[in-house]
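Here's the structure, in structure tokens; my notes come after.
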Amino acid sequence: MSLSPHKPDSPNALIGRSVARPNAKRLLAGRGRYVTDIQLPRMLHAAFVRSPYAHANIVSIDTSCAATMRGVCLVATGEDLAKLCKPWVGTLDHFAGMKSPPQLPLAVGKVVWAGQAVVAVVAGTRAQAEDAIEHVAIEFEELEPVIDIDAARAIDATLINPDLGSNVAFHAKIESGNVEDAFRDAAAVIEKAYLFGRHTAVTLEPRAIIADYDPTEERLTVHHSTQTPYQFQDLYSRHYGLREARVRVVAPDVGGSFGMKLHVYHEDMAVVGLSIMSGRPVKFVADRIESFVSDIHARDHRIKARIAVEADGIIRGMDVDDVTAVGPFSTYPRTSVVEGNQVVRLIGAPYRFRNYRANLDVVFQNKVQTSQYRAVGHPIAFAVTEALVDSAARKLGIDPFEMRRRNIVTQDMYPYTSPTGYKFERLSHEACLDKLHALMDYPRLRREQAEFRRRGIHRGIGIAMFVEITNPSPAFYGVGGARISAQDGAVVKVTPSGEVHCLISVGEHGQGTETIVGQIIAEQLGIPMDAVRVFTGDTDITPHGGANWACRGAGIGGETALQAGRALKRNLLAVAAIILQARLEDLDMRDGEVVDAATGIPRISLAEIARICYFRSDTLPRDVTPQLSVAHHYSPKGYPFAFTNGVQACHVEVDVETGFVKILKVWVVEDCGRIINPMLVEEQVRGGVVQGLGAAFFEECLYSDNGQLRNGSLADYLVPMAGEMPDIEIAHVETPTLDTELGAKGCGEAGTAAASAAAMNAVNDAIAPLGVSVSQIPMTPQRLLRVLGYA
Amino acid sequence: MSVLASVSITVNGQVVQALVEPRTSLADFLRNDLGLTGTHLGCEMGVCGACLVLLEDRAVHACLMYAVQAHGLGVETIEGLSERRAIADLQQAFHERNALQCGFCTPGVLVTAYELLSNGACPSRAEIRDALSGNYCRCTGYEAIVDAIGQVARGRAKVPNTPAGCKIGSDTDETVS
Ligand code: FES
Ligand code: FES
């Protein structure tokens, strides 16, 4: 029996092909089924009264008037829900010394950000619930809001969480090599402060949830627009004291997630309690304005960093200070310190210098919580690293490609451990740089740039390298005590006509998980793709698993599918060998048939095997009980993470009179290991790049001094639209991980990881002749005019 | 509370008569009352394009209209366009080119594409991007959508497939003239 999964020319080959997504046809016909679309019998709708203040005591709440309004079934306060729901704390043990206060679904006694849900109203329609929230009377006593990151850390700062004794949630220090020496003897030192604004995920489908508690069976069913149904099964069960086996979480079609839809949100927890209180299904869909004030935000870092280089461009060391503000508490269950932690551990990662020091301070403030959103920390780490590398290259008169070639971790150095402790199995920086250089025709672009400059047109070329954390082992969350799985499970079963069902714990949100799982299963079993049906996103039907976060779907979910498919194949060939009185080793599966492995001559079809096993088991020997369903789990065991790498280039034209930037083109060369479906990988990269460009040029959650979000609507918060976005050319290098048979690593965050870094370098390349530079994103026209001296 | 209003709207070719609250948006009416959930809501203020439907064959934001305003008129949604196979070529091109990920923007994008190509137009890439300026997509980065629409435009016009769109020239003219 042949087990090689990756021979593109083998008879069953599907891995490596750009197969179109079978499940996309449904969405194209308007037949998607998102949580927002679901209506259940007797369903009620929740709306929330939200805090108008960033920081205030709640003096009194009067719900009596709202409770009598038309259609209102239930009005609940923080105290009401606190009787049902155990509080949660967003800390993890492996972040030593981190602090965060306990949280509850609705505010009790005090509000800590503007937009925090205080009272829930449940009514027959959303409109009725919204009518009634107008009639809830709450008296607040305003407290000093803590907004600024320096003010938050001041000795006499107002404390958001007085019990914790300070507004600092977490502090970490990394020291490797001898940073003082590295800087003392350097030929050049560049030092700069970088600012990264807050932005947010803005999934087109907002957060949506329907909780349906059936008191007769003490059973909870939650339809939830989420990436991690198993995590929520665990959380709803533990925080509401329900039997886990009676809690079902279903994630049907999900309209975008990007890391935003795996955190515990107060409204979502409240909705579960509201269903328990009312005994009826309760639905909550955040409207866009609610999304802006209650979805997690991300980034918000201020970094002071310096780099020391030798005269030939060799980097001697880096020294980094990162302060990040995360909202009034740390997000549950993944915390709000992962981003900062990854920033300080990823800075410098593509390069081989050993002297590194970093200081990280994570502080509380009265704004909505921040936490993991696509590419967590990577965009910041590589914007800082790559800006410093470019500045140094410019100072020394070295070409940016050459500067990087001199400093990267090279093929002879793997396996390699970075100064911050990350272990790289094998990366492909040289090949990626070479490929990018050719792909973008770098010499031509430089010639053109010079010519344009003579005509007063300011074009810029920016390069940014990256490494990306994918396929996380329990080292990510499990070791810190979080009940977040790093493994996945699949059940693969044969139908009586010889088709196949695969029920797997990784989910589908449009990235193509079900397609690649189908490709992998079909290739293992030698059956056509359309004979495989893949089911995801329902804790009642698939095995428990981590689902979708940190780019683990293809690498871990894919390997789970591969191993499950092979186990089923072994079972099928074992029965076939008995039926055919042949040796198992002489048989293989191709085109829906068991064939003679050597000649490819068909011996018996899969359909016939299934028929015999299911309907005529009497014809099989007494001691043979065929196993045509297989349950299989896979957990990563080798490297703690499968790091990927790549390099991006951005080409821009800066109008130095208006500050407007035209993004002309982006190129990406990335290495996500074994590619299962090139088209889907490229579309992940493109979507990721555009989110990174959004952060680079447009997206920022703007707050007033008293903590009010000033641009919380889609008309005011700028997102990248088709007209401003460039075409993106992509090429690949494939360095499979040897930790798995499949060899796949993740690709979903690669685009975002370095897009803003390349963009910032491109803008700085364009304006360098004017003797100025920008070190803050988003690079709005206003900010650019300021650095250009016009504003 | 408010008095119910009686409306008669031709939805996907069939006359629908209903009593609605005057404040009910056309989007909510289609989604909640008629179960036509292919029309999505992303912003409810006319900027994201997820709710686009055709009113008398012109694209309108169903979030910005009241159902009562459609009284006596014809509305067509993604479900209707699909069933009468008016956009089958677009749907196929989107499928093959993977011009959608989560699919939440897709019905609105298809309505925009239907309207853009309805007069036999054969737009350039830049014109396609321009036409999509009211359709927010968080997942795709837009390029695949532009590719798919361009391919259908060329197919309908029987123009040979050049990646730059029907007209010569691309979004970013990078040559030095
Ligand atoms: S929901 Fe109508 S434009 Fe966004
Ligand atoms: S495909 Fe998700 S918003 Fe466009």
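Chain identifiers are assigned alphabetically (A, B, ...) following the order of the sequence lines, protein sequences preceding nucleic acid strands; residue numbering begins at 1 within each chain.
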**Report entry** salt_bridge(E21(B), R70(A)) N-O dist < 4.0 Å
**Finding:** yes
Query - Salt-bridge criterion met for R125(B) and D727(A) (N-O under 4.0 Å) - result: yes
What part of [X] gets within 4.5 angstrom of chain B, counting heavy atoms only: side chain, backbone, both, or neither?
X       : result
V202(A) : both
A127(A) : both
P206(A) : side chain
Q684(A) : both

**Report entry** Residues of residues 45-52 of chain B within contact distance of chain A, non-hydrogen under 4.5 Å
**Finding:** M45(B), V47(B), C48(B), A50(B)
Distance, nearest 0.5 Å, that separates [atom1] of [X] from [atom2] of [Y]:
X       : Y       : atom1 : atom2 : value
C139(B) : Q511(A) : SG    : CD    : 9.0 Å
I730(A) : E143(B) : CD1   : CD    : 7.0 Å
Q101(B) : S257(A) : CD    : OG    : 10.0 Å
E205(A) : C105(B) : CD    : SG    : 12.5 Å
I289(A) : E44(B)  : CD1   : CD    : 9.0 Å
Y717(A) : C43(B)  : OH    : SG    : 15.0 Å

Heavy-atom contact with chain A under 4.5 Å, split by part of [X]:
X       : answer
Q92(B)  : neither
H40(B)  : side chain
N32(B)  : both
S133(B) : backbone
I145(B) : neither
T37(B)  : both

Less than 4.5 Å apart, any side-chain heavy atom of [X] and any of [Y]?
X      : Y       : answer
D37(A) : R31(B)  : yes
L27(A) : L100(B) : yes
N98(B) : E682(A) : no

Does the [X] side chain pair with the main chain of [Y], one donor and one acceptor, at a distance under 3.5 Å?
X       : Y       : value
R129(B) : A722(A) : yes
R138(B) : V719(A) : no
Y142(B) : V690(A) : no
Q39(A)  : G35(B)  : no
Q91(B)  : K25(A)  : no

Query raised in the report: Taking everything shown except Y66(B) itself, do over 12 heavy atoms lie less than 6.0 Å from its OH?
Result: no
Requested in this report: For each of F94(B), F104(B), Y136(B), tally heavy-atom pairs with chain A at distances under 4.5 Å, and name the one with the top tally.
Outcome: F104(B)
Query - Top contributor to chain A interface from G141(B), G38(B), A144(B) [non-hydrogen pairs under 4.5 Å] - result: G141(B)
Report task. Determine the minimum heavy-atom distance between A24(A) and H95(B), stating which atoms define it. Result -> CB-CD2, 3.9 Å
What residue in [options] has the most heavy-atom pairs under 4.5 Å with chain B?
options                           : result
G512(A), G723(A), A29(A)          : A29(A)
G694(A), G751(A), G32(A), G687(A) : G687(A)
R33(A), R31(A), R288(A)           : R288(A)
E699(A), E653(A), R26(A)          : E699(A)

